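Quick note: residue numbers are just sequence positions, from 1. As the structure is a computational prediction, the values presented were derived from the model and not from experiment.
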Amino acid sequence: MMVINMKISNISIIQPNQQYTRLILKNNEVIELYCSCQEAVEKLCIDHGCTLQGCLKASSYLLQSSYKLPIFIASDNYGILVPTHSPYSKKCSWFSLDTLLIYNHRQISSIYHINLSYHIYAVMIQKGIALQQNILERK
């Protein structure tokens, strides 16, 4: 099993490509992972002591929702990843919440070459912040 040995705070986006997954870091470095995007997120979860299924179940409980749930992986404020589609979809990219908060939807579309409508962008931020606030209230 491949290990993605890095801090979650260094990641901007985990993005599927035709034959591999692109891991784009905050310094704009691109790492190609020869696995699906879902497998990359699962491995990132495992490297931080959790599973994707466990993270999704916790988010579902905390947000009382079940659709396109953000996940909390690490114990810092940068540990929230927000999906663009269902986490099990081959089209799903995962953005770090702080990347979504830094750039507007047009910048994200331009920088990361992803078609992201304002509505989807706004919902992603709303869900990510709701999860972050829910977790902070419990600490």
Side-chain angles (χ1 to χ4, degrees):
M1 178 179 274
M2 175 185 53
V3 175
I4 303 172
N5 191 12
M6 67 180 56
K7 289 182 178 181
I8 189 84
S9 60
N10 293 334
I11 297 172
S12 285
I13 182 174
I14 302 169
Q15 187 176 38
N17 206 324
Q18 289 182 353
Q19 297 178 347
Y20 56 88
T21 296
R22 293 176 357 143
L23 189 66
I24 303 174
L25 306 181
K26 298 241 167 63
N27 65 2
N28 293 324
E29 180 183 353
V30 176
I31 299 171
E32 294 177 358
L33 304 172
Y34 292 92
C35 62
S36 72
C37 196
Q38 181 183 341
E39 290 171 326
V41 173
E42 179 71 48
K43 291 170 186 168
L44 189 60
C45 288
I46 289 170
D47 288 350
H48 287 84
C50 53
T51 64
L52 177 56
Q53 187 65 28
C55 289
L56 290 169
K57 192 171 183 178
S59 289
S60 178
Y61 172 79
L62 293 171
L63 298 177
Q64 298 295 297
S65 179
S66 61
Y67 184 67
K68 288 192 196 177
L69 292 169
I71 59 174
F72 179 73
I73 296 177
S75 62
D76 58 21
N77 287 338
Y78 302 103
I80 294 178
L81 294 177
V82 186
T84 57
H85 295 79
S86 163
Y88 301 107
S89 168
K90 292 183 179 187
K91 298 178 188 176
C92 185
S93 294
W94 291 83
F95 282 90
S96 68
L97 178 59
D98 62 316
T99 297
L100 292 173
L101 295 173
I102 291 170
Y103 301 110
N104 67 42
H105 79 285
R106 287 190 182 119
Q107 290 170 316
I108 285 175
S109 295
S110 173
I111 294 168
Y112 299 109
H113 308 290
I114 187 168
N115 187 11
L116 192 63
S117 72
Y118 178 77
H119 175 74
I120 291 172
Y121 166 81
V123 169
M124 289 170 65
I125 288 178
Q126 178 187 23
K127 286 185 174 186
I129 289 174
L131 180 61
Q132 183 180 49
Q133 288 177 337
N134 204 306
I135 291 167
L136 291 174
E137 287 172 3
R138 294 173 184 274
K139 286 187 176 185

Mind checking the CD1-CG spacing from Ile129 to Asn134? Nearest 0.5 Å is all I need.
13.5 Å
Apply side chain to side chain contact (heavy atoms under 4.5 Å, CB included) to Ser110 and list each qualifying residue two or more places apart in sequence or on a separate chain.
none
For the CZ atom of Arg106 and the OG atom of Ser117, what is their distance to the nearest 0.5 Å?
11.5 Å
Looking at Ala130, is its backbone amide N or carbonyl O close enough to the side chain of Gln133 to form a donor-acceptor pair, meaning the two atoms are under 3.5 Å apart?
no
CG-OG distance between Leu81 and Ser59, expressed to the nearest 0.5 angstrom
10.0 Å
Indicate yes or no for a side-chain donor-acceptor contact from Thr21 to the backbone of Pro16 under 3.5 Å, with no hydrogens or angles considered.
no
To the nearest 0.5 Å, what is the distance between SG (Cys55) and CD1 (Ile80)?
10.5 Å
With sequence neighbours left out, write down each residue that passes side chain to side chain contact (heavy atoms under 4.5 Å, CB included) with Ser86, or none if nothing qualifies.
Tyr88, Ser89
With Tyr103 via ring pair (Phe, Tyr, Trp, His ring centres under 6.0 Å) - residues at least two apart
none
For Asn115, give me all partners under side chain to side chain contact (heavy atoms under 4.5 Å, CB included), at least two apart in sequence or on another chain.
none
side-chain hydrogen bond (donor to acceptor under 3.5 Å, both in side chains) against Gln38, all qualifying residues, sequence neighbours excluded:
none
Tell me, please, which residues at least two apart from Gln126 pass side chain to side chain contact (heavy atoms under 4.5 Å, CB included).
none
Among residues at least two apart in sequence or on other chains, which ones pass ring pair (Phe, Tyr, Trp, His ring centres under 6.0 Å) with Tyr118?
His105
Do you know which two heavy atoms are closest between Ile125 and Leu97, and how far apart they sit?
O-CD1, 4.3 Å
From Asn10 CG over to Asn27 CG, what is the distance, rounded to the nearest 0.5 angstrom?
7.5 Å
Side-chain donor-acceptor distances from residues 61-74 under 3.5 Å, at least two apart:
from, atom 1, to, atom 2, distance (Å)
Gln64, NE2, Tyr61, O, 2.6
Lys68, NZ, Thr84, O, 3.3

Determine whether more than 12 heavy atoms belonging to other residues, nucleotides or ligands lie under 6.0 Å from atom CD of Glu32.
yes
Under the rule for side-chain hydrogen bond (donor to acceptor under 3.5 Å, both in side chains), what residues qualify as partners of Ser36, not counting sequence neighbours?
Glu39
Mind checking whether Lys26 and Asp98 have side chains closer than 4.5 Å, heavy atoms only?
yes
Can you tell me how far the CD atom of Gln15 sits from the CG atom of Leu23, to the nearest 0.5 Å?
10.5 Å
